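Comments concern the structure below.
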Amino acid sequence: MRFSRMHLPTLKEVPAEAEVVSHRLMLRAGMIRRLAAGIYSFLPLGLLALRNVEEIIRQEMNRAGAQEVLLPAVQPAELWQESGRWDFYGKELLRIKDRHQRDYCFGPTHEEVITDLIRHEVRSYRQLPLNLYQIQTKFRDEIRPRFGLMRGREFIMKDAYSFDVDDAAAGLSYQEMRDAYNRIFSRCGLNFRAVEADSGAIGGSFSHEFVVLADSGEDAIASCQSCEYAANIEKAESQFIEVETALPDPVAAAALEVATPDCESVAEVADFFKVTPEAIIKSMIFESDLGFCMVVVPGDREVNEIKVAAALGAEWLEIPAPARVADELGLPVGYLGPLNVSITLLVDRQVPQMGEMICGANRVGFHLQGVLWERDFTSRQMADLVQVRAGDLCPRCGSLLQIDRGIEVGHIFKLGTKYSEKLKATFLDQEGQERLLVMGCYGVGVGRTVAAAIEQNYDENGICFPYAIAPFKVALLNLDLKSEEVTAYCENLYQELRNRGISVIYDDRNERPGVKFKDADLIGVPLRLTLGRKGYKRGILEAKCRSTSISEELPLDDRTSLWSLLEELATDDSRIPSQ
RNA sequence: CGGGAUGUGGCUCAGCCCGGUAGAGCACUGCGUUCGGGACGCAGGGGUCGGAGGUUCAAAUCCUCUCAUCCCGACCA
């Protein structure tokens, strides 16, 4: 492509709307433009990057035996009512009406549509396994879209759905997708981790997220420093070690009520008693489909709601407003404690070994000191309820866990029969028995993968695209358009690069050299070739690598070293796992 | 949904408090000079100041409503 002919509106200044690196750089590099909150247009450069990721995805999905389809974006409400998600999915589902006032939605995901399709198509175990995928625009009406393509409302997703005869076969499909995903993100040149995750609203029993490590990421993951264990913080567990608790001697007969005016938070209470938060127990009221309950954890720990919901076996869980707690239960938020409460008491497994504790007295302005497990309160419902943190022990090997931030770019789920049951998607097995299809679903955020790649690869001059997804692999800068020899050489090299199938942007604009350098850096072209009058006289072409800043002088009359340099770049940063 | 902020040429912003002919830089067009890290000079084009209503002789500026966008929060007592 000739730069002079390309619609590539780079910006010197950063549009005020952009906060995070990838968003800023994608705007500045002329890749995307915003139309509305969370809704973006792709310009030519952005689309090239997107297509490169799509192509890698297609290759790996096809290699894994999946077949591409294209499903409708607009879906009738009946299907969603049949699966039960019309009500459950909530406001994220963009609902629309047609001219006859019939309800539709713009698909945020396609379990319903694909299951409907398959239940009409698949009758026999002979047609299985089957894995269909598509790359398509989704819409999720996010509460708060932000960060450009990282959390958009309209976005492009690759979603795949597998259908198998039983759990074991579905496990194989899942594993195949897991391998494919590892190859996809490796080939995109990303530093990522596959982590165990909660399956959330999509449902199912088991899932892994693929998280690109980046400080600006919205997700946190816990990973072991020595073994392979890695999990989303929502899901992560830690090893629990029983310790003997030393009690003071003699032990007081009962806890002591102390006036603690205006001490509502753990920090304030710790300050008041001159103790660390570890000596305090934090009590919180939760409400679920099973009613109210009180959750008790060490004061220096954060409650993990997903673990609470799992421990309770609850469908949904939320924290009621303090006013509601006061009205319904007569309990004062800020001064809660586990003594003498009538509702379910759910206690974190670490609490019994805390020794003498401080907790709220269930009376405004008072806390209890010297509280003891068993003497003062107890519960049969004990579990791991807290969020892991750096320094906790790996549940597999006992080494230290570390916490990193990252961007979720892929998520794979074992769905089981959740949707096939609701939509009655069945087949006949070898014995002629009617059985439910066992499903899995597998998603990749395509635009988000591009954004994540930028989050992970940039410097003060702009984007440093990994070779595999770079819109252009080579930028050829002609610094002296007026010189016939220089221009003739550049034109010839440009043609040869194109003939070799190397995507190249030839900067033939009538601009000063500085402008060309800045633009080539900004748009993240991995290899920059520069030729000016001086270089031409010396018979050399300057080749500079964007990511390493290493430059070499190549002879004009022999291009073999150029081809080997490109070869090297192409293989260098696509870290394909060996397996 | 709660809180905060912002809407002025394509972009970044000033002007608003204290009402009186709409500005700068970048970008764009033409000419000239310049030419290896976002050049300079001269001459130009382009804005119903987010929208609606109101106050006023007069509104970008004051008032009311509305729309849009961004940030924080919407669970850690």
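It should be emphasised that the depicted structure is a prediction, and the values quoted were computed from it without experimental measurement. To find a chain, count down the sequence lines: A is the first, B the second, and so on, and within it residues start at 1.
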Check ring-ring contact (aromatic ring centres under 6.0 Å, His included) between A:F106 and all other residues, then give those that pass, not counting sequence neighbours.
-> none
For A:F472, check ring-ring contact (aromatic ring centres under 6.0 Å, His included) against everything at least two apart and list the hits.
-> none
Watson-Crick or G-U wobble partner of B:rC70, both distances under 3.5 Å | B:rG4
Nearest-Å distance once atom [atom1] is located in both [N] and [M]:
N      : M      : atom1 : result
B:rC42 : B:rC63 : C1'   : 46 Å
B:rG3  : B:rA59 : C1'   : 30 Å
B:rC16 : B:rU55 : P     : 25 Å
B:rC28 : B:rU12 : C1'   : 16 Å
B:rG37 : B:rG32 : P     : 25 Å
B:rG15 : B:rA74 : P     : 34 Å
B:rG41 : B:rU34 : C1'   : 11 Å
B:rG51 : B:rA22 : P     : 16 Å

Base-contact (B) and sugar-phosphate-only (S) positions in nucleotides 29-42 of chain B, heavy-atom cut-off under 4.0 Å, - elsewhere = -----BBBBBB---
Nearest-nucleotide comparison on RNA chain B, the residue closer to the 5′ end among A:R146 and A:K282 | A:R146
Whichever of A:V269 and A:G38 has the more 5' nearest nucleotide on RNA chain B, that residue is A:G38
Closest to the A:F147 side chain: B:rC71, B:rU12, B:rC75?
-> B:rC71
Any donor-acceptor N/O pair, A:R405 side chain to A:G217 backbone, under 3.5 Å | yes
Is the backbone N or O of A:V386 less than 3.5 Å from a side-chain atom of A:K307, with the two atoms forming a donor-acceptor pair by type?
-> yes
What distance do A:F465 atom CZ and A:N457 atom CG have between them, rounded to the nearest 0.5 Å?
-> 9.0 Å
Pair A:D519-A:R509, salt bridge (Lys or Arg N to Asp or Glu O under 4.0 Å): steps then yes or no | CA-CA 11 Å; A:D519 275 340; A:R509 293 176 300 170; 3.0 Å; yes
